[in-house]
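The chain is numbered in sequence order, starting from 1. Side chains included, hydrogens not; waters and symmetry mates left out as well; all remaining heavy atoms used.
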Amino acid sequence: IENPLLLSIYGSLVDKILAETSNIEEANERLRELGRGMAEQIYLTTEIVEKTKETIMTREDVAKLIEAVYRVLYDRKPTEIDMESARGSVRISDKDCIWCQDVNLEGMRGFGYCEVFSGILEAILAFKGVEAKVFEESCKATGASACSWNVRLT
């Protein structure tokens with residue numbers, strides 16, 4: 001997905017949040033909060049409700065929900081959904097993350113440029129009755145080979 005308007009709006013929001021916050025964790029939380037706010041509209045205006053189970057009970061159900069969210073939002077699957085190495089969690093990897101295309105940040109260790117997706121996913125899971133904490137573990141914008149998120153089921 002190459003949408004210069006979306007990417008420039010998002011980049012501008014990230015810049016604003018970084019200017020208004022005092023540390024990286026606070027900026028990460030503000031981006032997750034932004035995503036949670038976006039999730040309601042995404043959930044109500046897309047096919048996610050129809051394309052997913054009403055009740056999500058297992059990590060496998062969570063993985064299928066994540067695939068459905070990816071298909072609806074990005075028209076593809078993530079690079080990998082891992083339930084083996086992430087005990088009690090689901091880990092998502094995306095080598096072609098749309099949020100941080102062509103973004104290179106130096107000296108921002110721990111910053112999740114794509115944390116907005118964490119908030120979107122966390123809120124959609126909550127709409128489906130799943131309590132989870134979602135956070136970005138690595139980000140291409142800060143030098144990783146892929147963006148990855150951890151969905152920690154609570």
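- To the nearest 0.5 angstrom, Leu125 atom CG is 6.5 Å from Ile66 atom CD1.
- Among residues two or more places apart in sequence or in another chain, the side-chain hydrogen bond (donor to acceptor under 3.5 Å, both in side chains) test is passed with Ser85 by Asp82, Arg91.
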Chi angles and distances behind the salt bridge (charged side-chain N to carboxylate O under 4.0 Å, His left out) call for Arg76, Glu67: CA-CA 8 Å; Arg76 63 182 176 81; Glu67 281 188 359; over 6 Å; no
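- Residue pairs meeting the salt bridge (Lys or Arg N to Asp or Glu O under 4.0 Å) criterion with at least one partner in residues 6-16, sequence neighbours excluded, are Lys16-Glu20.
- Note on ring orientation: taking the six-membered ring where Trp is involved, the planes of Trp149 and Phe117 are perpendicular (angle over 60°, cut-offs 30° and 60°).
- Listed for the Ser12 side chain is no donor-acceptor partner under 3.5 Å among the backbone atoms of Ser8.
- Rounding to the nearest 0.5 angstrom, the gap separating the CD1 atom in Ile92 from the CG atom in Asn150 is 8.5 Å.
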Chi angles and distances behind the salt bridge (charged side-chain N to carboxylate O under 4.0 Å, His left out) call for Arg32, Glu26: CA-CA 10 Å; Arg32 284 189 293 270; Glu26 183 182 350; over 6 Å; no
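- A donor-acceptor contact under 3.5 angstrom links the side chains of Ser148 and Ser138, judged on distance only.
- Nearest approach of Arg59 to Met83, heavy atoms of both residues: NH1-O, 3.0 Å.
- Residue Glu50 qualifies as enclosed at atom CD: its count of foreign heavy atoms under 6.0 Å is above 12.
- Residues satisfying the side-chain hydrogen bond (donor to acceptor under 3.5 Å, both in side chains) criterion with Thr52, sequence neighbours excluded, are Lys128.
- Contact detail for Leu153 and Ala132: the closest heavy-atom pair is CD2-CB, 4.0 Å.
- Taking hydrophobic clusters as Ile, Leu, Val, Met, Phe, Trp and Tyr residues chained together by side-chain heavy-atom distances below 4.5 Å, Met57 does not share a cluster with Leu121.
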Validation: residues 102-109 side-chain donor-acceptor distances under 3.5 Å, sequence neighbours left out:
none

Under 3.5 Å, which donor-acceptor pairs do the side chains of residues 139-147 form with other protein atoms, sequence neighbours left out?
from, atom 1, to, atom 2, distance (Å)
Lys140, NZ, Lys95, O, 2.6
Thr142, OG1, Cys139, O, 3.1

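- Using a 4.5 Å cut-off on side-chain heavy atoms (C-beta onward), Val151 and Ser89 make no contact.
- Rounded to the nearest 0.5 Å, atoms CZ (Arg71) and NZ (Lys64) are 10.5 Å apart.
- Note on ring orientation: taking the six-membered ring where Trp is involved, the planes of Trp99 and Tyr74 are perpendicular (angle over 60°, cut-offs 30° and 60°).
- When all heavy atoms of Gly110 and Asn28 are compared, the pair lying nearest together is O-ND2, 3.0 Å.
- Shown here are the ring-ring contact (aromatic ring centres under 6.0 Å, His included) partners of Phe135, two or more places apart in sequence or in another chain: there are none.
- Atom NZ of Lys133 is surrounded by more than 12 heavy atoms from other residues, nucleotides or ligands within 6.0 Å.
- From Thr46, atom OG1 reaches atom CD1 of Ile124 across 6.5 Å, with rounding to the nearest 0.5 Å.
- Interatomic distance, Met38 CE to Leu73 CG, rounded to the nearest 0.5 Å: 8.5 Å.
- The heavy-atom pair separating Ala27 from Leu18 by the smallest distance is CB-CD2, 3.9 Å.
- When all heavy atoms are compared, the tightest approach of Gly112 to Leu31 is O-CD1, 3.5 Å.
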Let me see the working for Asp94 and Tyr70 under side chain to side chain donor-acceptor pair (under 3.5 Å), right down to the final yes or no. CA-CA 10 Å; Asp94 188 353; Tyr70 253 80; 2.8 Å; yes
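- The distance from the CD atom of Glu136 to the OG atom of Ser118 is 6.0 Å, given to the nearest 0.5 Å.
- Pairing each heavy atom of Glu122 with each of Val134, the nearest pair is OE1-N, 2.9 Å.
- Contact annotation: the side chain of Ile120 never approaches that of Tyr43 to less than 4.5 Å [non-hydrogen atoms, C-beta and beyond].
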